[in-house]
Amino acid sequence: MDEERKPALSLYDLQVGYGSHKVLGRVRADFYPGEVVGIIGPNGAGKSTLLKSICGLLPLQGGAVGLAGQRLTHIKPQLFARQAAYLPQTADISFSFTALEIVLTGRYPYLKWWQQESAADIALARACMRYTGVEDMADVPLREMSGGQCQRVLLARALAQQTRLLLLDEPMTGLDIVYQEQIFRLTAELARVGRTLLVVVHDLPLAARFCTRLLLVARGRIMADGTPSEVLTEPLLTAAYGVPLCVTVNPVNGHRDIYTPEPDRDVAGSRAHQALLEAVLRDDERTRYGGGSGAWIDIS
Amino acid sequence: MDRHFIMTMAALLLLVLAAAAVSLLWGQMDIPADNVLRTVLEDIGLADYEPGAVPADQRAVIEYIRLPRTIVGLMVGAGLAISGAVLQGIFMNPLADPSIIGVSSGASVGAIIAIACGLTAANILALPICALIGALLAVSLAVFLSRQHGRVSVLPLLLAGLVVGIFLSALTAAVLTVLEEHKLQQYLFWTIGGLDYRTWDHVSLGIGPMLVGVTGMLLMARQLNVLSLGDVQARSVGMPAERYRLVLLGLATLTTATGVCISGNIGFVGLVVPHAMRFVVGPDHRRLLPVSLLAGAAFVVLCDAVGRVIVPGQEIRVGIMTAFVGTPYFLWLLRRAQRRGMF
């Protein structure tokens with residue numbers, strides 16, 4: 001087999017979930033170097049569960065994971081962390097560790113228990129931070145950073161692991177449009193140099209623009225696996241999200257617009273909805289300032 | 001190693017030496033400084049004076065009272081402070097302290113059993129040994145109760161430690177209600193941690209476990225950094241987080257329990273010292289642990305020395321002194337955190 005076409009990551013009939021609760025079953029897929037795979041699907045569909053199970057944070061309920069075409073039966077977590085880096089969805093750091101200290105922990109998989117980080121490790125950590133644009137914040141505690149800076153520091157930590165495989169769980173959460181696109185550009189560039197990336201994304205139009213392949217996760221399984229134009233179709237998305245979804249393609253730049261249409265209610269439905277709204281906004285004595293005089297502020 | 005850290009270590013080392021000197025100088029008997037110096041130099045083999053240069057009674061006070069007392073103080077202070085830093089790291093909670101996992105209540109049960117059974121009259125070390133066993137058993141019980149599928153997570157462990165602590169306190173209280181008056185007093189005396197009547201026996205009992213615990217914790221400072229970022233962050237770089245947590249917990253327990261056993265409950269050291277030192281050197285445990293070690297040693301010995309002379313003719317036990325100093329500091333920390341919107 002051609003070295004280039006050996007899958008970086010293979011999922012053999014994976015079954016994942018928490019305890020006795022099964023979330024996803026029969027997950028079968030091969031991921032190749034150079035791919036940016038967007039994992040999309042409704043909330044609670046099991047996107048994060050899938051990533052966590054792949055990197056061993058959750059025990060597998062069935063099936064197996066393969067790296068570089070080899071089915072793994074058992075691998076030491078430290079060795080796995082040299083192959084795959086995982087960027088968790090939330091980072092709740094308890095102490096005021098600085099950005100550089102956090103990024104340096106990405107070198108953990110390469111250090112023996114008695115070793116400390118070398119000058120080369122520190123240089124690498126700094127290079128990773130320069131790449132994600134946070135080098136000038138090396139000595140700033142992570143706690144004092146904005147969401148965007150924080151995510152870029154954690155991405156630098158994942159890069160410092162120097163792995164062929166990157167598993168990113170919603171790296172764009174809470175970021176503004178500029179940072180979102182910047183992180184996606186970085187992932188696309190990493191893919192071009194032969195890395196494999198699995199990214200959980202909620203923003204479907206962005207996923208369509210930057211991912212080479214999409215995995216639609218819903219209803220306890222992989223509902224679709226293909227290029228963005230194959231996966232982002234109205235019937236598939238409607239079935240996955242359980243509400244009607246519209247997809248239109250912008251004729252100028254080819255970007256997609258994905259949205260839910262205005263709810264189409266009949267007369268009775270509209271009336272019921274109006275009644276609900278009135279119940280929510282019901283006005284009475286207690287809600288008025290100034291003892292019901294009607295004035296918002298009663299200064300007399 | 002950066003300059004700031006080296007300077008901090010040097011300053012703290014000087015503080016430890018100063019604290020030890022003060023502790024050897026101050027006390028009920030007035031002993032001139034040169035006699036103290038002569039005795040110590042002679043004892044460690046650096047000098048040789050003609051016999052009788054230091055009066056025998058003064059020499060005895062230094063060698064059999066003040067030296068063991070100072071050394072026990074240094075050991076206990078260092079051990080409690082470094083264990084506090086490690087426990088705060090493991091539990092990712094800057095308010096964790098050695099009492100949180102049931103160490104103190106376990107030690108209390110051990111102590112009360114030793115007192116109730118009259119073992120303390122038979123051997124001076126019976127009480128510390130029983131307390132050590134009690135503390136280790138209490139933490140083992142908390143770990144056992146919080147195990148799930150062979151794993152121990154932070155929150156269940158914290159809650160199990162709390163429950164075990166409450167249960168053992170009730171057990172202690174139950175024994176207390178049926179105890180005779182003089183035994184009650186003995187127990188009360190033990191609960192307020194103190195360094196008086198410490199002998200070389202206490203030093204030799206404590207030094208082994210303390211050295212094992214402290215060395216182990218210092219060696220694992222880098223791993224503790226990764227661990228203190230949280231389970232998910234630690235495991236995502238391939239660290240077997242549960243295993244490291246248990247090992248560090250074991251080392252911290254051994255050290256704290258030994259400290260509590262040879263000196264009773266000395267509160268606030270494990271909580272306040274690492275906290276204060278984090279302001280000085282930051283959260284990196286490779287700096288925090290050695291700095292806390294020195295600061296803890298100096299803090300306890302200084303508190304003990306001040307307690308000896310602050311009220312003429314009376315002695316205020318070190319456990320009371322650390323609380324008197326620790327409480328205002330802690331309240332100040334709390335106010336500061338509130339002002340900065342951390343709560």
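None of the values given here were measured: they were computed from a predicted structure. So that the names make sense, note that chain A is the first sequence line, chain B the second, and so on, each numbered from 1.
- Atom CG of B/Leu227 and atom OG1 of A/Thr105 lie 11.5 Å apart (nearest 0.5 Å).
- Top candidate by heavy-atom pairs under 4.5 Å with chain B, chosen from A/Lys76, A/Gln115, A/Arg107, is A/Gln115.
- Under the ring-ring contact (aromatic ring centres under 6.0 Å, His included) criterion, A/Phe31 pairs with no residue, sequence neighbours left out.
- By the neighbour-count criterion of 12 heavy atoms within 6.0 Å, atom CZ of B/Phe324 is sparsely surrounded, having that number or fewer from other residues, nucleotides or ligands.
- Heavy-atom neighbours of A/Arg164 CZ from other residues, nucleotides or ligands within 6.0 Å: at or below the threshold of 12.
- If you measure heavy-atom distances from A/Leu111 to chain B, the contacts under 4.5 Å come from both the backbone and the side chain.
- Within the 4.5 Å cutoff, the side chain of A/Gln89 has no heavy atoms near those of the B/Val232 side chain.
- A salt bridge is absent between B/Arg286 and A/Glu101; no separation between the charged side-chain nitrogens and carboxylate oxygens falls under 4.0 Å.
- If you measure heavy-atom distances from B/Phe279 to chain A, you find no contacts under 4.5 Å at all.
- Note on A/Phe97, A/Trp113, A/Trp114: by heavy-atom pairs under 4.5 Å with chain B, the leading option is A/Phe97.
- With a 4.5 angstrom heavy-atom cutoff, A/Tyr108 touches chain B via backbone and side-chain atoms both.
- Annotation: side chain of B/Gln233 is in contact with side chain of A/Pro88 (closest heavy-atom distance under 4.5 Å).
- Contacts from residues 77-93 of chain B to chain A, taken as heavy-atom pairs separated by less than 4.5 Å, involve B/Gln88, B/Gly89, B/Met92, B/Asn93 in sequence order.
- For OH of A/Tyr18, the number of neighbouring non-hydrogen atoms (other residues, nucleotides, ligands) closer than 6.0 Å is greater than 12.
- For A/Gln116, the parts lying under 4.5 angstrom from a heavy atom of chain B are both the backbone and the side chain.
- Considering CG of A/Leu154 and OG of B/Ser236, their distance stands at 9.0 Å, rounded to 0.5 Å.
- Nearest heavy-atom pair across A/Lys112 and B/Arg222 is O-NH2, 3.0 Å.
- The most heavy-atom pairs under 4.5 Å with chain A, out of B/Leu219, B/Asp284, B/Val226, come from B/Asp284.
- Interface remark: A/Arg157 contributes side-chain atoms only to the contact with chain B (heavy atom separation under 4.5 Å).
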